[in-house]
Protein chains: 2
Amino acid sequence: MADSIVDSLKAGGKKLTKPRQAILAILESNALPVTAAEVHARLKKAHAHMDLATVYRNLTMLQELGLVDPVGLREGQMRYEVRHGREHHHHIQCRGCGRIVDLMLCPIKKLTELVEAQTKFAVEGHSLEFFGWCPQCR
Amino acid sequence: MADSIVDSLKAGGKKLTKPRQAILAILESNALPVTAAEVHARLKKAHAHMDLATVYRNLTMLQELGLVDPVGLREGQMRYEVRHGREHHHHIQCRGCGRIVDLMLCPIKKLTELVEAQTKFAVEGHSLEFFGWCPQCR
DNA sequence: GCGGTGTTGCAAGTGATTTGCATTTAACAC
DNA sequence: GTGTTAAATGCAAATCACTTGCAACACCGC
Ligand SMILES: [Mn+2]
Ligand SMILES: [Mn+2]
Ligand SMILES: [Zn+2]
Ligand SMILES: [Zn+2]
């Protein structure tokens, strides 16, 4: 596991438990954002079964530490992906099969200044997701 | 109520029931996106009480007809706003007080072509929301 | 090894949204 | 108007995605 992750955990007063390591291993092995239930299922398959509540608690904590990013695709459940070593980016999901593709782009930086000037908010984050039909479902 | 809405309902084989009219009246009287529970509460206050399930069923149906747009702000519940007569736009929500402000802009049109070329998806929609701190919560 | 603090499992609890079904109601044709 | 029928509603129960309380357990620094 990456040193930076261990450092962040330590800095946050968190312990490097075995269940936690297993969760991070699953997250790091996945290029696309996964749900808590998916993490839970893959853990079981990898003979690292643990309670779903533990998965949820860890995902929440990793998010608070800024180690994973939440991805909301209006599926009724959240997805998560590790931030470690990856550029800020967005996603597109097929309305037919649910397939998700990374979009390694973000057009929002310039816009943020405009939004701040217009609303007087201090912008801290944004969510940009596309929906459509993938080639197979077209 | 707007003719265009009545026409859409008719075209979809839907009836113009009294509960449905009341829901549409609430939606049209709200500039900002509202939750199903909020619609339900305002209906009761307007002496048009109905079951929450009816509110949900109608919001889903109106969304399918393209008369209302869903707005997902990661609050654990969806919001909805009427599309009728309003430009496509996005929102910013304060992380402190939850206040929502309309952003009458959308920078996504040009980007859509880029996304389609890159992924071969047929883009049908997108979601863009900002999060931050409003002047009072700063 | 020991102690203290953070973690986990398990079971129960929430909150939002959905569903089954019997009962109405709007819409349309006589 | 009256009848017919498909859609809509109320009510209660069910689902689904998380969250929480609490007792047992596992890191980590000493
Ligand atoms: Mn991604
Ligand atoms: Mn709006
Ligand atoms: Zn971005
Ligand atoms: Zn847009």
Side-chain angles (χ1 to χ4, degrees), chain A residues 1 3 5-26 33-41 43-44 46-65 67-68 70-80 98, chain B residues 1 3 5-27 33-44 46-65 67-68 70-80 98:
Chain A
M1 176 176 340
D3 282 355
I5 291 181
V6 178
D7 292 348
S8 293
L9 289 176
K10 189 161 296 183
K14 308 298 181 187
K15 293 178 178 173
L16 191 57
T17 63
K18 194 157 304 179
R20 188 160 291 166
Q21 282 173 294
I23 291 172
L24 280 164
I26 296 291
V34 288
T35 66
E38 284 170 357
V39 171
H40 186 240
L43 284 166
K44 181 186 276 185
H47 307 295
H49 173 77
M50 70 189 68
D51 200 89
L52 224 204
T54 300
V55 175
Y56 274 111
R57 281 190 278 235
N58 273 284
L59 288 173
T60 301
M61 182 271 283
L62 292 170
Q63 190 183 333
E64 283 163 3
L65 290 186
L67 295 176
V68 313
V71 179
L73 293 173
R74 296 187 184 172
E75 299 170 293
Q77 68 203 227
M78 274 288 146
R79 291 182 177 273
Y80 303 86
Chain B
M1 174 178 340
D3 281 354
I5 291 180
V6 177
D7 291 348
S8 294
L9 290 176
K10 191 161 295 184
K14 309 299 181 186
K15 295 178 178 174
L16 191 57
T17 63
K18 195 158 302 179
R20 186 161 291 166
Q21 282 173 294
I23 291 172
L24 281 164
I26 295 292
L27 288 174
V34 289
T35 66
E38 285 170 357
V39 171
H40 186 240
R42 288 173 202 199
L43 284 166
K44 181 186 276 183
H47 307 295
H49 174 77
M50 71 189 68
D51 200 88
L52 224 205
T54 300
V55 175
Y56 273 110
R57 280 191 278 234
N58 274 283
L59 288 173
T60 301
M61 183 272 284
L62 292 170
Q63 190 183 334
E64 284 164 1
L65 289 187
L67 296 176
V68 312
V71 179
L73 293 172
R74 296 187 184 174
E75 299 170 293
Q77 70 204 221
M78 275 287 145
R79 291 181 177 272
Y80 303 86

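Worth saying up front: this structure is predicted, and the values here are computed from it rather than measured. Note on naming: letters A, B, ... go to the chains in the order of the sequence lines (proteins, then strands), and numbering restarts at 1 for each one.
Between His40(A) atom NE2 and dA17(D) atom C1' there is a gap of 14 Å when expressed in whole angstrom units. Between Leu65(B) atom CG and dA7(D) atom P there is a gap of 13 Å when expressed in whole angstrom units. Atom CD of Glu75(A) and atom C1' of dT15(D) are 17 Å apart (whole Å). Per the geometry, CG belonging to Leu52(A) stands 16 Å off C1' belonging to dT14(C), to the nearest Å. Rounded to whole Å, the distance from NZ on Lys44(B) to C1' on dG10(D) is 14 Å. Rounding to whole angstrom units, CD of residue Gln21(B) and C1' of dA8(D) are separated by 13 Å. Protein atom CE of Met61(A) is 16 Å distant from nucleotide atom C1' of dT19(D), rounded to whole Å. Between Leu9(A) atom CG and dC28(D) atom C1' the separation is 14 Å, expressed in whole Å.
With contacts defined as side-chain heavy-atom distances shorter than 4.5 Å, the pair Leu27(B)/Leu59(B) qualifies. Proximity of Leu62(A) to Ile5(A): side-chain heavy atoms (C-beta onward) are nowhere separated by under 4.5 Å. Residues Leu67(A) and Met61(A) form no side-chain contact, since every pair of their non-hydrogen atoms from C-beta on lies 4.5 Å or further apart.
Applying the side chain to side chain donor-acceptor pair (under 3.5 Å) criterion to Glu75(B), with sequence neighbours excluded, gives Arg79(B), Gln93(B). Residues meeting the side-chain contact (heavy atoms from CB on, under 4.5 Å) test with Met50(A), sequence neighbours left out: Pro19(A), Ala22(A), Ile23(A), Leu43(A), Thr54(A), Val55(A).
Although no hydrogens or angles enter the test, the distance criterion places a donor-acceptor pair under 3.5 Å between the side chain of Arg20(B) and the main chain of Lys15(B).
Looking at the side chain of Arg20(B), the nearest of the listed nucleotides dA8(D), dA17(D), dT18(C) is dA8(D). Of the candidates dG9(C), dT19(D), dG10(D), the closest approach to any side-chain atom of Thr60(A) belongs to dT19(D).
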(message) Within the 4.0 Å limit for protein heavy atoms, which parts of nucleotides 20-30 of chain C are touched? Write it as a string from 5' to 3', B for base, S for sugar-phosphate only, - for none.
(response) B----BBS---
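For the atom pair OH of Tyr80(B) and OG1 of Thr60(B), the computed distance is 5.5 Å after rounding to the nearest 0.5 Å.
The side chain of Tyr56(B) places an N or O atom within less than 4.0 Å of a non-bridging phosphate oxygen (OP1 or OP2) of dT17(C).
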